[in-house]
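Note that the numbering runs from 1 along the sequence shown for the chain. Atoms within each ligand, like the ligands themselves, are counted from 1 in listed order. We use all heavy atoms of the structure for the numbers below, so side chains are in, but hydrogens, waters and symmetry mates are not.
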Amino acid sequence: MSGRTPALTPPDSALAPVRHPDAPAPGEPIGSHYEHCFGCGGEQPHGLHLAAKAGEGVSVTAEFLVRPEHQGAPGLAHGGLLATALDDTLGALNWLLRVISVTGRLETDYLRPVPVGSVLHLSAEVTAVDGRKIYATAEGRLNAPDGPVAVRADALFVEVKVEHFTENGRPEEIRAAMDDPDQIRRVRAFEVNP
Ligand SMILES: CCCCCCCC/C=C\CCCCCCCC(=O)SCCNC(=O)CCNC(=O)[C@H](O)C(C)(C)COP(=O)(O)OP(=O)(O)OC[C@H]1O[C@@H](n2cnc3c(N)ncnc32)[C@H](O)[C@@H]1OP(=O)(O)O
């Protein structure tokens with residue numbers, strides 16, 4: 001059973017998404033937006049270590065290996081964690097639009113259990129843009145890009161300014177991020193957005 005609520009249906013005024021001219025080329029790794037991100041950061045020992053790549057149009061793909069740390073039921077991935085995988089893959093779409101946005105709403109369908117040891121092959125694409133609202137969809141397939149669909153999601157991301165992070169985050173982490181030249185470089189990538 002799956003269906004999209006009205007809040008996730010783009011209005012008639014919504015536009016088709018436009019790939020930014022400086023978006024990473026199809027197949028190019030996108031890299032983590034923050035090394036301590038639970039979804040894609042390299043500095044989170046129990047994190048998903050999600051590795052995303054740019055796709056065609058305004059789309060991305062990503063993979064993650066389900067490890068014992070990710071269990072909910074014995075031998076199976078936790079559902080909230082699978083939502084994290086979908087959410088983080090959707091977040092990588094920011095690099096295709098060159099817009100900073102955060103999840104406003106995420107609706108997830110769980111279609112099959114995901115065993116530990118599986119590789120979840122994720123894909124996400126922006127379907128429409130209406131002002132600051134970015135409508136997107138994602139799915140995760142078991143063990144191959146054309147494997148059975150285990151999870152899927154519809155989402156609304158909302159464009160924000162960098163102050164969303166600097167004004168709301170805990171000062172310790174904000175200071176550390178500001179002192180990290182790699183982090184500043186990642187944020188600067190968005191400042192060229194027309
Ligand atoms: C030096 C520092 C370094 C910083 C590092 C920067 C690098 C970062 C780069 C890239 C980041 C990528 C991150 C990826 C990680 C994966 C994604 C996540 O997990 S993000 C975390 C989870 N999400 C939140 O924590 C959002 C919490 N919510 C909010 O902050 C606000 O509610 C927000 C921004 C979503 C909206 O608040 P408003 O005040 O700005 O705007 P309003 O007017 O409320 O909404 C705008 C439009 O969106 C609709 N909208 C908002 N929320 C909605 C909802 N839940 N359902 C339906 N529509 C919604 C509204 O109805 C409105 O629509 P109408 O313009 O009136 O047509």
Side-chain angles (χ1 to χ4, degrees), residues 3-15 17 20 22-24 29-44 47-54 58-62 64 78-108 120 122-138 140 151 153-193:
R4 201 196 254 177
T5 56
L8 294 181
T9 305
D12 291 342
S13 56
L15 303 173
H20 192 278
D22 297 330
I30 289 178
S32 175
H33 60 93
Y34 175 47
E35 61 183 8
H36 297 290
C37 172
F38 189 77
C40 58
E43 297 292 322
Q44 282 288 359
L48 309 189
H49 300 159
L50 205 88
K53 286 183 185 165
V58 187
S59 75
V60 295
T61 57
F64 111 84
H78 193 292
L81 186 129
L82 295 171
T84 303
L86 291 159
D87 188 26
D88 208 72
T89 306
L90 287 156
L93 290 167
N94 281 344
W95 267 256
L96 281 284
L97 293 173
R98 286 275 190 142
V99 156
I100 305 181
S101 68
V102 292
T103 327
R105 189 177 184 92
L106 179 72
E107 289 186 5
T108 312
L120 201 61
L122 296 134
S123 58
E125 66 172 330
V126 177
T127 55
V129 176
D130 184 40
R132 294 172 59 213
K133 294 183 291 184
I134 299 164
Y135 296 84
T137 179
V151 285
D154 289 308
L156 174 74
F157 275 61
V158 180
E159 182 177 347
V160 294
K161 303 218 175 295
V162 75
E163 287 76 21
H164 172 92
F165 305 99
T166 54
E167 290 173 3
N168 294 301
R170 202 165 62 141
E172 293 93 301
E173 282 85 2
I174 296 294
R175 267 196 301 275
M178 298 282 224
D179 288 344
D180 176 356
D182 286 340
Q183 186 65 48
I184 297 300
R185 212 168 20 249
R186 282 178 216 124
V187 173
R188 289 254 160 84
F190 291 99
E191 289 177 350
V192 296
N193 196 43

Hits for ring-ring contact (aromatic ring centres under 6.0 Å, His included) against Phe157, two or more places apart or cross-chain, chain-then-number order -> none
For a side-chain hydrogen bond (donor to acceptor under 3.5 Å, both in side chains) check, start with the C-alpha distance between Glu107 and Thr5, then their side-chain angles and the critical distance, and finish with the verdict.
CA-CA 9 Å; Glu107 289 186 5; Thr5 56; 2.4 Å; yes
What verdict does the salt bridge (Lys or Arg N to Asp or Glu O under 4.0 Å) test give for Glu163 and Lys161, after you've listed the backbone C-alpha separation in whole Å, the side-chain angles of each residue and the deciding distance to 0.1 Å?
CA-CA 5 Å; Glu163 287 76 21; Lys161 303 218 175 295; over 6 Å; no
Should Leu96 and Ile30 count as side-chain neighbours, where that means a heavy-atom distance under 4.5 Å?
yes
What are the atom names and distances for all N or O pairs under 3.5 Å between ligand 1 and the protein?
from	atom 1	to	atom 2	distance (Å)
ligand 1	19 (O)	Asp87	OD2	2.6
ligand 1	19 (O)	Thr103	OG1	3.3
ligand 1	23 (N)	Thr103	O	3.0
ligand 1	40 (O)	Arg132	NH1	3.4
ligand 1	40 (O)	Arg132	NH2	2.6
ligand 1	41 (O)	Arg132	NH1	3.3
ligand 1	55 (N)	Gly104	O	2.9
ligand 1	67 (O)	Lys133	NZ	2.6

What pairs of donor and acceptor atoms, side-chain ones from residues 84-91 against any protein atom, are under 3.5 angstrom apart with sequence neighbours left out?
from	atom 1	to	atom 2	distance (Å)
Thr84	OG1	Gly80	O	3.0
Asp87	OD1	Thr103	OG1	2.6
Thr89	OG1	Ala85	O	2.7

Taking only residues two or more places apart in sequence, or in another chain, which ones meet Lys53 in a salt bridge (Lys or Arg N to Asp or Glu O under 4.0 Å)?
none
